[in-house]
Amino acid sequence: QVQLVESGGGLVQAGGSLRLSCAASGRTFSAYAMGWFRQAPGKDRQFVAAINWSGGSTYYTDSVKGRFTISRDNAKNTVYLQMNSLTPEDTALYYCAMYNSGDYVSSPGIRSWGQGTQVTVSS
């Protein structure tokens with residue numbers, strides 16, 4: 001069973017930055033696409049960013065393009081989300097996810113979810 005543990009969330013002022021980390025268990029981390037999702041109070045969980053198995057392909061939701069960067073270090077079994085120019089609209093519980101495929105483009109579904117890390121942006 002794959003376990004994902006997020007860290008790096010916290011309270012930050014608008015315009016600031018945070019870097020989220022997601023550490024994965026297992027020996028086959030590098031075989032799977034990874035993603036970040038977020039859920040604000042009273043709203044549905046939404047897609048934020050995804051990265052394929054090698055890190056050579058990424059995709060972002062429009063609202064974070066140019067501000068957020070997803071990356072991975074397969075040697076460390078870790079995926080990151082660098083978040084810059086944060087706004088209060090970015091406030092949410094952020095979840096790390098492992099897809100059921102090395103690619104995300106075919107909508108393969110989610111293999112495993114992390115427990116979430118809270119990001120709060122003040123104005």
Heavy atoms only: give me the nearest [X]-[Y] pair and the separation to one decimal.
{"X": "Tyr95", "Y": "Glu6", "answer": "CA-OE2, 3.3 Å"}
{"X": "Trp36", "Y": "Ile70", "answer": "CD1-CD1, 3.6 Å"}
{"X": "Leu93", "Y": "Gly116", "answer": "CD1-C, 3.9 Å"}
{"X": "Ala40", "Y": "Ala92", "answer": "N-CB, 3.8 Å"}
{"X": "Arg38", "Y": "Ser63", "answer": "NH2-OG, 3.5 Å"}
{"X": "Thr78", "Y": "Ser21", "answer": "CG2-CB, 4.4 Å"}

- Is the backbone N or O of Trp53 less than 3.5 Å from a side-chain atom of Asn74, with the two atoms forming a donor-acceptor pair by type? yes
- Task: Say whether, by atom type as modelled, one donor and one acceptor occur between the side chain of Asp73 and the main chain of Ala75 under 3.5 angstrom.
- Result: yes
Is there side-chain contact between [X] and [Y], with heavy atoms separated by less than 4.5 Å?
{"X": "Asn52", "Y": "Tyr59", "value": "no"}
{"X": "Met98", "Y": "Phe29", "value": "yes"}
{"X": "Leu86", "Y": "Phe68", "value": "yes"}
{"X": "Tyr32", "Y": "Arg111", "value": "yes"}
{"X": "Ser7", "Y": "Thr117", "value": "no"}

- Using the side chain to side chain contact (heavy atoms under 4.5 Å, CB included) rule, take Gln118 and Leu11 through it: C-alpha gap first, then chi angles, then the decisive distance, then the call. CA-CA 8 Å; Gln118 179 67 40; Leu11 175 64; over 6 Å; no
- By side-chain contact (heavy atoms from CB on, under 4.5 Å), Val119 pairs with (sequence neighbours left out) Leu18, Leu20, Met83, Tyr94, Val121
- Message: Going by side chain to side chain donor-acceptor pair (under 3.5 Å), Arg67 matches just one of Asn84, Thr87, Asp90. Which one?
- Response: Asp90
- Message: Evaluate Leu4 against Met34 for side chain to side chain contact (heavy atoms under 4.5 Å, CB included), listing each step before the verdict.
- Response: CA-CA 11 Å; Leu4 305 174; Met34 299 290 294; 4.1 Å; yes
- Name all pairs fulfilling the ring-ring contact (aromatic ring centres under 6.0 Å, His included) condition that reach into residues 98-123, sequence neighbours left out, sorted by first residue then second. Phe37-Trp113
- Run the numbers on Ile110 and Asn100 for side chain to side chain contact (heavy atoms under 4.5 Å, CB included), then give the verdict. CA-CA 6 Å; Ile110 302 299; Asn100 272 316; 5.9 Å; no
- Side-chain H-bond candidate by donor/acceptor type, Gln39 with Gln46, under 3.5 Å: no
- Query: Within a radius of less than 6.0 Å around NZ of Lys65, do more than 12 heavy atoms belonging to other residues, nucleotides or ligands occur?
  - Reply: yes
